[in-house]
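Treat the numbers as computed from the prediction; the structure is a model and nothing was measured.
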Amino acid sequence: MQKSGQAMKLYTFILVLFIITTVYCSAIPTNEKKQRVQDKPLSDEEHEVHGEHNNDYDHDAFLGHEEAETFDQLSPEESKRRLAIIVDKIDKDKDGEVTEPELKEWIQYVQRRYIVTDTDRMWKDHAPDDDNSLSWESYQKRTFGYSDEPVEGAPTYEYKDMIMRDKRRWHQADKNGDGKMTKEEFQDFLHPEEAEHMRGIVVDETLEDIDKDGDGYISLQEYIDDIWGDDDEDDENDPENEGEPDWVKSEREQFANFRDKDHDGRLDKHEIREWIIPEDYDHSTAEAEHLIRSSDENRDGKLSKEEILDKYDLFVGSQATDFGEALTKHDEF
């Protein structure tokens, strides 16, 4: 299935895909525009294509591109064998059935494990001080190459916008205000979308990235420019937008009918927050419901191991596989 690079820009994360968050380097940055942090969908892929569920959404979201390529090389027999091991882990009460709460708990565990693993890696990379804390000066030097303030004439001046942006996030994550990070605070710094007290920073950074005219709002055109890009942008003077692909036209409708709550033609901070960090949508619940709905042959509301293995291609493309690592490194559980 051909992927749309433009559509993928709308669903940043990602995690990671990743569904992931802002990228932090271990050297002087070469680009001032960092990836925007949002409440992450489970893949950069579109969830539905022409009204049908896109299995690539699951596959890329939970395996990642490289892991997906590796997993694609496994035989169906080997895939099922490894997936069976995962099913036993998901089935907490060992009754031979996987319920929606069990599947949701597993998906959430996978998400948390990624965040903890990523934080561990970055914490070690930044070499905490002797008191097992990380100072702003140490972080800045490790990330940007210099610890001096980004004043005109200083080596860091070229990166002043990035430094000030990081510093603002740093102060918000520093709960006790001592200027240093504990490992827990550093996790909030790296993954602000996961911490309630950091949500305002996520909104501010999103607004700054998209609001090109600096009026404090996101207009429809700025919204479309962000997800489509200048290279493919249709003529703004074309009232019918006839050159736009259908998915862009759909996003215009989404903006007008759902994102712009007060219908004033622009998004304020409250509307941006509802867009990128929706309070009433739980990705893990939605994914668990989808997996059960798609695999529950006898319609009893839960899944047997046989039902899961019969749909192995769906599950190995879901969060249940822990980005492929749960299948390839099952001995770690």
Side-chain angles (χ1 to χ4, degrees), residues 2-23 29-51 54 57 160-162 164-165 168-169 192-193 199-281 283:
Q2 186 176 4
K3 300 178 181 178
S4 170
Q6 296 86 1
M8 289 171 68
K9 286 179 63 180
L10 174 61
Y11 305 104
T12 53
F13 185 4
I14 219 208
L15 239 123
V16 328
L17 356 226
F18 303 145
I19 189 304
I20 28 185
T21 58
T22 299
V23 177
T30 57
N31 190 323
E32 282 206 20
K33 185 174 181 180
K34 290 186 175 182
Q35 182 178 352
R36 191 165 61 256
V37 179
Q38 296 186 3
D39 181 54
K40 303 176 295 296
L42 303 179
S43 173
D44 285 339
E45 287 281 349
E46 294 182 81
H47 208 161
E48 292 188 357
V49 176
H50 304 307
N54 176 18
Y57 173 90
K160 61 182 175 59
D161 291 341
M162 291 181 68
M164 297 312 295
R165 181 162 164 153
R168 179 183 59 188
R169 186 190 287 196
E193 76 286 353
R199 297 293 175 87
I201 290 292
V202 177
V203 172
D204 289 343
E205 291 180 0
T206 301
L207 177 60
E208 290 166 358
D209 287 340
I210 304 178
D211 176 26
K212 300 305 182 185
D213 63 11
D215 67 350
Y217 299 90
I218 295 176
S219 67
L220 172 59
Q221 191 59 50
E222 288 170 334
Y223 176 85
I224 295 300
D225 287 348
D226 182 66
I227 64 174
W228 196 11
D230 295 336
D231 292 342
D232 302 299
E233 187 176 338
D234 189 35
D235 185 353
E236 295 182 16
N237 297 319
D238 177 8
E240 302 298 327
N241 298 302
E242 294 179 355
E244 290 182 345
D246 289 341
W247 69 266
V248 176
K249 294 178 181 178
S250 176
E251 282 302 323
R252 287 185 180 273
E253 295 175 1
Q254 285 285 323
F255 183 98
N257 298 329
F258 300 103
R259 311 258 190 255
D260 181 16
K261 303 293 186 183
D262 58 10
H263 304 293
D264 65 350
R266 59 188 188 177
L267 305 184
D268 58 25
K269 285 190 176 183
H270 179 72
E271 290 167 326
I272 294 170
R273 181 178 177 123
E274 289 193 4
W275 164 36
I276 63 175
I277 316 174
E279 299 288 347
D280 59 350
Y281 187 78
H283 291 293

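Between Ile218 and Glu271, the closest side-chain pair of non-hydrogen atoms is not below 4.5 Å. Inter-residue side-chain proximity for Val203 and His270 is flagged as unmet; no heavy-atom pair is nearer than 4.5 Å. Between Glu193 and Ile277, the closest side-chain pair of non-hydrogen atoms is not below 4.5 Å. The closest side-chain heavy-atom distance from Lys212 to Gln221 is not below 4.5 Å. The closest side-chain heavy-atom distance from Trp275 to Phe255 is not below 4.5 Å.
A donor-acceptor pair under 3.5 Å is formed between the side chain of Thr206 and the backbone N or O of Val202. In this structure a side-chain-to-backbone donor-acceptor pair under 3.5 Å is present from Asn257 to Glu253.
Between Ile210 atom CD1 and Ile227 atom CD1 the span is 9.5 Å, to the nearest 0.5 Å. Rounding to the nearest 0.5 Å gives a distance of 8.5 Å between CG of Asp215 and CG of Leu207.
With Leu267 as reference, Arg259 is the one residue of Arg259, Glu274, Glu222, Arg273 to meet the side chain to side chain contact (heavy atoms under 4.5 Å, CB included) rule.
The two residues Arg165 and Glu208 have their closest heavy-atom pair at NH1-OE1, 3.9 Å.
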Evaluation steps, side-chain contact (heavy atoms from CB on, under 4.5 Å), between Trp228 and Glu251:
CA-CA 10 Å; Trp228 196 11; Glu251 282 302 323; over 6 Å; no
side-chain contact (heavy atoms from CB on, under 4.5 Å) between Ile224 and Val248, intermediate numbers included = CA-CA 7 Å; Ile224 295 300; Val248 176; 4.0 Å; yes
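Residues Asp268 and Lys261 are not paired through a salt bridge, judged by the lack of any N-O separation under 4.0 Å between the basic side chain and the carboxylate.
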